[in-house]
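Data block below; observations after.
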Amino acid sequence: MDSSARKRKKFWRFKTLNSSITPNHVGIIMDGNGRWAERNGLHRTKGHASGLKVTKAIVAHVARSPIQNLSLYTFSTENWTRTQEEVGALMDLIATHLKAQIPFYNDYGIRIVHSGSKLRLTHRITDDLAQIEEMTANNRHLTLNLLIDYSSQEEITRAMQRLIEQHLPITQENIERNLDQPSLPKIDCVIRTAGEKRLSNFMLWQSAYAEFIYTDTLWPDFTALDFDQAMEEYSHRHRTFGG
Ligand code: IPE
Ligand code: IPE
Ligand code: MG
């Protein structure tokens with residue numbers, strides 16, 4: 001960790017969080033951009049732009065925390081069914097954001113990885129993802145898993161297909177080794193904003209024993225304080241893993 005990252009770590013506000021109650025891997029289903037825009041009399045695409053600003057602030061906040069892994073549901077495979085205009089705006093935001101943020105990721109010690117299919121994304125986005133993954137590969141402070149064109153059912157199917165191609169037995173261990181990011185630990189805590197209480201095809205396998213925290217706050221209104229409150233709630237959960 002470089003000295004600036006060390007300094008930032010000191011600023012972690014969640015002082016009561018000790019290692020036994022710090023989740024190792026948090027997932028966020030960032031929902032409510034469209035409703036936020038509608039409530040503010042704006043076009044849905046403006047909601048996504050505001051959501052992106054919040055995403056950056058939350059990523060910076062988590063990078064200053066003891067949490068090691070963060071998975072962000074950015075664009076689901078089912079989201080392709082939205083209007084061409086909305087899909088286009090979302091893809092533009094992703095394409096223009098990714099590479100421009102490399103200095104930010106490196107400054108905060110963030111390693112970027114991608115989960116999802118690369119087959120339907122533009123070459124610009126897949127090339128940028130490959131470059132960002134390479135340029136941030138040595139960062140150790142936070143692994144940020146970006147779920148873009150992600151469907152958990154498709155990910156599990158992909159893992160099974162790889163096993164069949166390699167003539168390997170279908171075992172739990174082999175499936176886990178063939179998920180998109182096999183080195184990531186299981187999800188400890190899933191936060192979903194905007195009031196819906198469902199997974200919407202988010203990391204089904206990895207969330208088998210995750211704790212779920214729901215908030216009515218729409219993603220563009222979500223703050224670092226809301227995140228800390230979610231972590232506070234998580235710290236009071238009693239996890240028994242079936243035992
Ligand atoms: C989440 O916000 C962002 C994406 C799914 C890309 P929504 O666009 O789903 O917002 P709502 O649910 O319509 O408010
Ligand atoms: C889940 O939200 C996908 C993302 C946040 C990227 P959706 O808004 O697409 O899911 P549903 O339609 O409410 O289930
Ligand atoms: Mg939604």
Side-chain angles (χ1 to χ4, degrees), residues 23-31 55 59 67-82 84 87-88 90-95 97-99 101-102 105 110-140 142-190 192 198-212 241-242:
N24 190 9
H25 188 177
V26 173
I28 309 184
I29 304 173
M30 310 179 289
D31 198 15
T55 305
V59 167
I67 295 161
Q68 296 291 318
N69 303 282
L70 178 68
S71 285
L72 293 180
Y73 208 1
T74 306
F75 186 89
S76 77
T77 299
E78 290 76 19
N79 289 151
W80 291 116
T81 59
R82 297 191 180 194
Q84 216 179 342
V87 169
L90 280 162
M91 287 300 139
D92 277 353
L93 277 176
I94 291 169
H97 170 86
L98 280 174
K99 236 160 92 177
Q101 297 305 319
I102 292 178
Y105 295 136
I110 299 169
R111 177 171 80 105
I112 300 294
V113 294
H114 169 245
S115 289
S117 169
K118 291 197 165 65
L119 300 176
R120 295 167 293 240
L121 295 170
T122 60
H123 286 302
R124 176 175 175 192
I125 292 179
T126 53
D127 289 352
D128 284 1
L129 279 170
Q131 205 181 332
I132 292 164
E133 286 186 303
E134 197 187 312
M135 289 180 76
T136 63
N138 295 324
N139 292 336
R140 290 283 172 267
L142 174 75
T143 296
L144 178 61
N145 180 29
L146 297 176
L147 278 56
I148 306 173
D149 194 4
Y150 180 83
S151 144
S152 184
Q153 289 165 330
E154 208 180 71
E155 179 190 31
I156 296 165
T157 308
R158 247 193 319 272
M160 303 271 206
Q161 281 163 346
R162 282 186 202 125
L163 295 182
I164 291 165
E165 281 161 21
Q166 296 167 56
H167 305 285
L168 288 168
I170 311 274
T171 62
Q172 185 170 328
E173 212 176 36
N174 280 344
I175 293 169
E176 281 170 5
R177 279 203 200 113
N178 283 277
L179 293 173
D180 290 350
Q181 294 301 333
S183 64
L184 283 179
K186 294 274 164 61
I187 300 242
D188 296 300
C189 176
V190 177
R192 181 163 186 154
R198 54 180 174 247
L199 267 176
S200 303
N201 219 350
F202 173 82
M203 301 186 92
L204 308 175
W205 185 287
Q206 298 88 334
S207 303
Y209 268 98
E211 298 293 325
F212 289 86
F241 298 95

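Remark: K186 engages E176 in a salt bridge (charged side-chain N to carboxylate O under 4.0 Å, His left out) (not counting sequence neighbours). The ring pair (Phe, Tyr, Trp, His ring centres under 6.0 Å) search around W80 returns F75, not counting sequence neighbours. Every residue meeting the side chain to side chain contact (heavy atoms under 4.5 Å, CB included) condition with N139, not counting sequence neighbours, appears here in chain and number order: N106, R111, T136. In this structure T171 satisfies the side-chain hydrogen bond (donor to acceptor under 3.5 Å, both in side chains) test together with N174, sequence neighbours excluded. Applying the ring pair (Phe, Tyr, Trp, His ring centres under 6.0 Å) rule to Y105 yields no partners; only residues at least two apart in sequence or on another chain are considered. Judged as a side-chain hydrogen bond (donor to acceptor under 3.5 Å, both in side chains), and not counting sequence neighbours, T126 has no contacts. Partners of D128 under the side-chain hydrogen bond (donor to acceptor under 3.5 Å, both in side chains) rule, at least two apart in sequence or in another chain, do not exist in this structure. Taking the ring pair (Phe, Tyr, Trp, His ring centres under 6.0 Å) definition, one finds that F212 meets it with nothing, sequence neighbours left out. Here N24 pairs with Q68, N69, P185, D188 under the side chain to side chain contact (heavy atoms under 4.5 Å, CB included) rule; sequence neighbours left out. For T74, the side-chain hydrogen bond (donor to acceptor under 3.5 Å, both in side chains) test picks out no residue, with sequence neighbours left out.
With a 4.5 Å cut-off on side-chain heavy atoms, S76 and N201 do not count as touching. Looking only at side-chain heavy atoms (C-beta outward), N145 and L147 come within less than 4.5 Å of each other. The shortest side-chain heavy-atom distance between L144 and V113 does not fall under the 4.5 Å cut-off. Side-chain contact between S71 and I28 is absent, with no heavy atoms from C-beta onward closer than 4.5 Å. With a 4.5 Å cut-off on side-chain heavy atoms, I29 and L199 count as touching.
Between Y150 and Y73, the ring planes lie perpendicular to each other; the angle is over 60°, past the 30° to 60° tilted range.
Using a distance-only test at 3.5 Å, with no hydrogens or angles considered, a donor-acceptor pair links the side chain of H114 to the main chain of I148. Using modelled atom types, one side-chain atom of R140 and one backbone atom of A137 make a donor-acceptor pair closer than 3.5 Å.
Taking all atoms of both residues into account, the shortest heavy-atom contact from I67 to L142 is O-CD1, 3.5 Å. The minimum heavy-atom distance linking A95 with I125 is given by the pair CB-CG1, 3.9 Å. Taking each heavy atom of L204 and S152 in turn, the nearest pair found is N-OG, 2.8 Å. Across every non-hydrogen atom of C189 and A210, the tightest pair is N-CB, 4.3 Å.
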Show, in sequence, the C-alpha distance, side-chain angles and deciding distance for I102 and I132, and conclude whether the side-chain contact (heavy atoms from CB on, under 4.5 Å) test is met. CA-CA 7 Å; I102 292 178; I132 292 164; 3.7 Å; yes
Can you check side-chain contact (heavy atoms from CB on, under 4.5 Å) on T55 and M30, steps first, answer last? CA-CA 8 Å; T55 305; M30 310 179 289; 3.7 Å; yes
Taking it one step at a time, do D31 and R192 satisfy side-chain contact (heavy atoms from CB on, under 4.5 Å)? CA-CA 7 Å; D31 198 15; R192 181 163 186 154; 2.9 Å; yes
Give the C-alpha distance, both sets of side-chain angles, the deciding distance and a yes or no for side-chain contact (heavy atoms from CB on, under 4.5 Å) between S115 and L146. CA-CA 6 Å; S115 289; L146 297 176; over 6 Å; no
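For the residue pair E155 / Q181, no side-chain donor-acceptor distance below 3.5 Å is found, with atom types taken as modelled.
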In residues 157-169, what donor-acceptor pairs under 3.5 Å come from side-chain atoms, sequence neighbours left out?
residue	atom	partner	partner atom	Å
T157	OG1	Q153	O	2.7
R158	NE	D180	OD1	3.2
R158	NH1	E154	OE1	3.4
R158	NH2	D180	OD1	3.4
R158	NH2	D180	OD2	2.7
R162	NH1	N178	O	2.4
Q166	NE2	R162	O	3.2

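Q84 contributes atom CD, which lies 12.5 Å from atom CE of M91 (distance to the nearest 0.5 angstrom). Here the OG1 atom belonging to T122 is positioned 12.5 Å from the NZ atom belonging to K118, to the nearest 0.5 angstrom.
Judged as a salt bridge (Lys or Arg N to Asp or Glu O under 4.0 Å), the pairs with a partner in residues 71-82 (not counting sequence neighbours) are, in order, R82-E86.
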